[in-house]
Amino acid sequence: MASSTPPGHCTLTAAKPYQNHHLHHPHNRHLHHPTSSHQSWRPPQVSLNNQASHARPAFPCLSDFSGRRSTRCVSKMHFGRPRSTTSRHSAAAEEALQLALSCGGEVSNIDDILVDFQPKLRASDDYTFLLRELGNRGDWVNAMRCFEFAISIEKRRNEKGKLASSMISTLGRLGKADLAKRVFDVAVNEGYGNTVYAYSALISAYAKSGYCDEAILVFRSMKDSGLKPNLVTYNALIDACGKGGADYKRASEIFNDMLENGVLPDRITYNSLLAVCSGAGLWEVARSLFDEMVHRRIDQDIYTYNTLLDAACSGGHIDVAFEIMATMAAKSVFPNEVTYSTMIRGCAKAGKMDQALNLFNEMKLAGIKLDRVSYNTLLAIYASLGRFDEAFAVGKEMESIGIKKDVVTYNSLLDGFGKQGMYDKVKELFVEMKRGNLCPNLLTYSALISSYCKGGLYKEATEAYTEFKRQGLKADVVFYSNLIDALCKKGLVESCALLLDEMMRDGIQPNVVTYNSIINAFGQSETVDYVEAQIESSNSLTYTGGKMVVKEDDRIIEVFKQLACGKSGNVKQDQRTRKDFRCVLGIFRKMHEMKIKPNVVTFSAILNACSRCNSFEEASLLLEELRLFDNQVYGVAYGLLMGHNEHTWSQALSLFDEVKRMDSSTASAFYNALTDMLWHFGQKRGAQLVVLEGKRREVWENTWTKSCIDLHLMSSGAARAMVHAWLLNIRSTVFEGHELPKLLSILTGWGKHSKVVGDGALKRAIEALLVSIGAPFEVAKCNIGRFVSTGAVVTAWLRESGTLKVLVLEDDRTLPRARFDLLPNLQPLPL
DNA sequence: TTAGGGTTAG
């Protein structure tokens, strides 16, 4: 029977792609000890060690069945969020600011204003106000000018220190961490920067730019200087752990350090810890922290809730997120525009577009004004769906209320048009955004270059990449993964191997997404020779966490040039299967070596590669070998493939329990891949059992009624197994003496959900199946994605003597003999 | 000192 808890030896966690740790006992064990002091509490612990403390299974379990589908990194941050301050500035400072703002940001003007106002401005308060306000408007040049002027006239060390801290934090908010460091260094050298405030501001500046290592170094040097970190310092440092790669282990170490040093955590500490969990995909830990906050009587605020909701949405728990959102008002924390855009994005990611759009209406009804991000979120949803008219309408509405399209708006549009293969439109928009003086960022170039590669426009890709480098932008793991995926989808695995090599040379560690893209390319690739050699030879290039080999030339340009010339090797068709599978194993080994945990997507990718392979021996050998890495996951796939029903099924149910915790699209991809593989190799009964288990667990929404079966979210194997099950189900209705509905429908869609838009592969597979079993259905006149029949015709067919035989599925292999009597879930289908 | 934009399966 299905168990609600995973087996003891199984550690399926929800960690971010670049995290390799396992999480032990995520639930906070201190919740039941109300008398324990802060010092006795520790945040839920994470271990970097893969070895669980409890008994080891016969085979290790190394997969990370993370349901997390996206990551957050600092490049997404929009800098310069205005800061609300309780200012102690004078009316003269206000006047000076207005004057500075009205004269267009010329440096000479600000100098004149500063000189003119000098007699009226009051020490650090007024200058702090001026430089902060200028900074809030993005004008860091004049803010610096103002700071330097104030420092030059100020004699008191204390006041100079205040100015320096303000300048550092202002630069930090603007993402100018390097400049902030320069200000800090000068301040320390000149004897006014050695304060907790200056150090904390610099830590925060590094945090905002995602430089966690640097923030920690500053923290250490602060301690070395004899300064005692305070609450703000610790909070900023924990924040750095979130923004610099969602490192929960580090965050919890800092938290412990904080407690040991007698600094009590506050609401912001918890909010920052929650943000780390959200970024790391540690939903359960986030929930424990939230409970801990309640228990500790630390008030929750809108940040707490919004971060918690983000963690829930990112973990695929959109229903839980709605439940939490519904409790907010009772705590006098009212959803704001951030709450809504978080939830809307969560819905959109989970494929619940109707709910996402409903939330927009709800937001308007609640009188919450849509802001820049809300509009961009809505626009991105439409753009991602290829609904460009609606996306542009949102853009217009946004502009009509005075919010200009920004770089995020354009990034969404570029991405959307790129995904639809509308490359001319991509080019046009890129020109338009530059004409509007918008500065393309890493995300812009990532979308642009990947789109061009997808479209085979390598000349354009080269140009865009050259421009990207010229801007001084640095590629990150997502940039590379996106590019690698685009090339993999074209079957250019050779080029991907080069890029993989290049990114490691550049000191960027590939993550599970990078490798999953490469695995996905197998079986549909043009060539595998080269990648195999690369995977083997890149042993010496294993990432060590620091800077790696200094790059001599740019291999990305080289790759594009080769592609533009049409140079990509080919391997004879008959050599592919064997090599492909050896390669998948090689990649798996490499991931293991690099401590990159395969996840559920890896599993689906491998099974899909098996489904593209015509050799049962090769596929079973691969799965058998993969059991050495993770027996729970690959043991189930292997067992079902081999027809080992007895123990496999109970293992499978445990695995399905794990999958149940993930979001619906992740879960359905898993079931789709598994059933496809089983169907492909003739394990049709097994495929049907899996698909029915998926149905029982509501993996696909509203799969069937008596009159209709909806297959549009299924793979062809899953759909075919499901059609058999449905027909057997309605057959039992007929034999029980009930009438079938007048009209029966089989929905396949027309390929909207397939990788190739309009491909219709599912429809063709179902059509062939219906023909082969003689089912009397035909394509509906008004909907090419629907097969229809009348109840009477289908009843007559179901009553025919030969129908039952064609509907009941068998496995090609059943070793040993299945013992259905022991397993209630394996009861034969109702006949 | 804390919250909402980009990559894999489908």
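These figures come from a predicted structure and were not determined experimentally. Order of the sequence lines fixes the chain letters, A, B, ..., with proteins taken first and strands second; residue numbering starts at 1 for each chain.
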Side-chain N,O ([X]) to OP1/OP2 ([N]) below 4.0 Å:
X        : N      : result
A/Asn608 : B/dG10 : yes
A/Lys489 : B/dG10 : no
A/Arg173 : B/dT2  : no
A/Lys208 : B/dT2  : yes

What pairs with A/Gln355 under side-chain contact (heavy atoms from CB on, under 4.5 Å), at least two apart in sequence or on another chain?
A/Phe322, A/Cys347, A/Lys352

Selected nucleotide, minimal atom distance to [X] side chain, candidates [options]:
X        : options             : answer
A/Asn511 : B/dG4, B/dT7, B/dT1 : B/dT7
A/Val513 : B/dG4, B/dT7, B/dT1 : B/dT7
A/Ser446 : B/dT2, B/dG6, B/dT8 : B/dG6
A/Tyr303 : B/dG4, B/dT7, B/dT2 : B/dT2

Length of the line joining A/Asn306:CG and B/dA3:P, which is rounded to integer Å
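In whole Å, B/dA3 P lies 10 Å from A/Asn306 CG.
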
Looking at A/Leu370, A/Asp371, A/Ile344, which one forms a side-chain contact (heavy atoms from CB on, under 4.5 Å) with A/Thr377?
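Checked A/Leu370, A/Asp371, A/Ile344 against A/Thr377; only one passes side-chain contact (heavy atoms from CB on, under 4.5 Å): A/Ile344.
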
Ignoring hydrogens and angles, does a donor from either the side chain of A/Thr666 or the base of B/dA9 sit under 3.5 Å from an acceptor on the other?
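Side chain to base: pair present.
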
If the condition is ring-ring contact (aromatic ring centres under 6.0 Å, His included), which residues does A/Phe468 pass it with, not counting sequence neighbours?
A/Tyr445, A/Tyr465, A/Phe479

